[in-house]
Amino acid sequence: MRMLADLGIGGAQITRRGDTPELFVPDPNGIRIQLAHTAYGYGTGAKGDTFPPTPAAAAKPAFGLKSINHVTLTIANGAREKEFYQTVFGLKVRAMQGDGVTLAIGEGTDGIVFNTAANNPATVSGINHACFTIENFDTEKVMATLIDNGLEPIETGIPALIKPLTCRVRWRQRANNGGGPTSPLGSAEVYFTDPDNLRIQLQDVSYCGGSGRLGQICP
């Protein structure tokens, strides 16, 4: 809180969830960010890192999710968003997709994504989608698994077709830093919507928002 105040960042507050203190701060576009210890896992205790015993899995899941690779934000002003995250948190540019920037969090492939050219005060800022990762990502197998679990495949690029429990593939091309010499077809990205129509992306654990078949090639 003191460091945020020293940077002139207002609106931060500490709340308590049981015995766990939690710190929240709004970014310049009004999106609420939580800051926590690296051990935090929404558990109890001072660091949120105390958990009950893990229950035995009832059945093998369709996907073994490994991480939340990135969260893509819809924002009103890209320039102020980029300045905020780079000034306050020191996030460096990992990849560009046209005007879309991926800012790196940590040393792995975690990051946040948004449009640096956004400039529309009427835009309602929020989370556009989150991206989960799996090992041994294969586009056809991923889509087949989603379809086997009741999701409907739709054409990409047609917003009117998007509804709960649909899935689609986007082949990101060179204009958006996709494909490249190692993958002339582009970089395959799988998206689906959950029962509440929230958008989720699925990618390989190596995905960094760059080029290559898996989007794994970043500068």
Side-chain angles (χ1 to χ4, degrees), residues 31-32 34 36 40-43 48 51-74 94-95 97 100 102 105-106 108-115 124-173 176-180 182-218:
I31 298 173
R32 201 167 180 233
Q34 182 178 355
Y40 181 91
Y42 206 72
F51 312 104
T54 303
K60 184 178 180 180
F63 295 102
L65 301 182
K66 295 300 180 181
S67 68
I68 298 179
N69 178 272
H70 68 265
V71 175
T72 294
L73 309 177
T74 297
R94 172 179 290 137
Q97 296 181 15
T102 297
I105 298 175
T109 58
D110 297 348
I112 56 171
V113 180
F114 54 86
N115 182 4
V124 178
S125 297
I127 295 176
N128 179 280
H129 69 268
C131 177
F132 300 150
T133 64
I134 61 175
E135 292 181 336
N136 302 314
F137 177 90
D138 179 276
T139 309
E140 292 189 8
K141 290 181 179 179
V142 169
M143 285 293 288
T145 301
L146 291 172
I147 294 167
D148 286 347
N149 280 272
L151 277 74
E152 175 189 354
I154 62 173
E155 295 290 339
T156 190
I158 307 178
L161 296 179
I162 298 175
K163 60 182 180 180
L165 299 179
T166 57
C167 54
R168 61 197 188 277
V169 178
R170 173 199 182 201
W171 287 92
R172 181 162 48 81
Q173 303 299 326
N176 287 313
N177 192 31
T182 65
S183 182
L185 283 177
S187 300
E189 298 178 334
V190 174
Y191 295 85
F192 71 90
T193 48
D194 71 8
D196 284 297
N197 210 32
L198 298 176
R199 284 169 286 192
I200 304 295
Q201 182 178 355
L202 281 176
Q203 298 298 147
D204 189 76
V205 290
S206 64
Y207 181 89
C208 64
S211 59
R213 182 83 171 188
L214 300 175
Q216 82 283 13
I217 302 174
C218 287

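In this structure, Phe192 and Leu202 have side chains that are in contact, with non-hydrogen atoms separated by less than 4.5 Å. Using a 4.5 Å heavy-atom cutoff, the side chains of Leu65 and Thr133 are not in contact. The shortest distance between side-chain heavy atoms of Thr156 and Tyr191 does not fall below 4.5 Å. At a threshold of 4.5 Å between non-hydrogen side-chain atoms, the residues Leu161 and Thr166 do not count as touching. Residues Cys167 and Ile147 form a side-chain contact, since some pair of their non-hydrogen atoms from C-beta on lies under 4.5 Å apart. Counting heavy atoms from C-beta on, the side chains of Thr182 and Ile217 come closer than 4.5 Å. Residues Val169 and Met143 meet the side-chain proximity criterion, which asks for heavy atoms closer than 4.5 Å. Taking 4.5 Å as the limit, every side-chain heavy atom of Thr74 sits out of range of all side-chain heavy atoms of Ile31.
Phe114 and Ile112 get closest at one heavy-atom pair: CE2-CD1, 4.1 Å. Shortest non-hydrogen contact noted between Gly41 and Phe51 is O-CE2, 3.3 Å. The shortest non-hydrogen separation linking Val142 to Phe63 is O-CZ, 3.8 Å. Looking at every heavy atom in both residues, Ala188 comes nearest to Thr139 through CB-OG1, 3.3 Å.
Atoms OG1 and CD1, on Thr109 and Ile68 in that order, are 11.5 Å from each other to the nearest 0.5 Å. The structure places OG of Ser206 at 5.0 Å from CD of Gln216, a figure rounded to the nearest 0.5 Å. Summarising the geometry, atom CD1 belonging to Ile200 is positioned 6.0 Å from atom CG belonging to Asp194; distances are rounded to the nearest 0.5 Å. One finds the CZ atom of Arg32 at 15.5 Å from the OG atom of Ser125 (value rounded to the nearest 0.5 Å).
The backbone N or O of Leu198 lies less than 3.5 Å from no partner atom in the side chain of Asp196, so there is not a single donor-acceptor pair. Judged by distance alone, with hydrogens and angles left aside, the side-chain atoms of Asn149 form no donor-acceptor pair with the main-chain N or O of Ala62 at under 3.5 Å. Judged by distance alone, the side chain of Ser187 and the main-chain N or O of Gly179 form a donor-acceptor pair under 3.5 Å. Arg172 places a side-chain N or O within donor-acceptor distance of the main-chain N or O of Gly210, the cut-off being under 3.5 Å. At distances below 3.5 Å, not a single donor-acceptor pair connects side-chain atoms of Gln203 with backbone N or O atoms of Gly215. The main-chain N or O of Leu165 is found under 3.5 Å from a side-chain atom of Thr193 such that the two form a donor-acceptor pair.
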Let's go through Val205 and Asn136 carefully: what are the C-alpha distance in whole Å and the side-chain angles of both, what is the deciding distance for side chain to side chain contact (heavy atoms under 4.5 Å, CB included) to 0.1 Å, and is it a yes or a no?
CA-CA 8 Å; Val205 290; Asn136 302 314; over 6 Å; no
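Annotation: disulfide (SG to SG under 2.5 Å) contacts involving residues 184-215, sequence neighbours excluded, comprise Cys208-Cys218. For residues 127-154, the set of pairs meeting the salt bridge (Lys or Arg N to Asp or Glu O under 4.0 Å) definition, not counting sequence neighbours, comprises Glu152-Lys163.
Under the salt bridge (charged side-chain N to carboxylate O under 4.0 Å, His left out) test applied with Glu189, the options Arg168, Arg170, Arg199 reduce to a single match, Arg170.
Under the ring pair (Phe, Tyr, Trp, His ring centres under 6.0 Å) criterion, Phe137 pairs with no residue, sequence neighbours left out.
For Leu185, the CG atom is densely surrounded, since the number of other residues' heavy atoms within 6.0 Å is greater than 12. No more than 12 heavy atoms of other residues, nucleotides or ligands sit less than 6.0 Å from atom CD1 of Ile127.
For the residue pair Gln201 / His70, a side-chain donor-acceptor distance below 3.5 Å is found, with atom types taken as modelled. With no hydrogens or angles considered, no side-chain donor-acceptor pair links Ser67 and Asn69 at under 3.5 Å.
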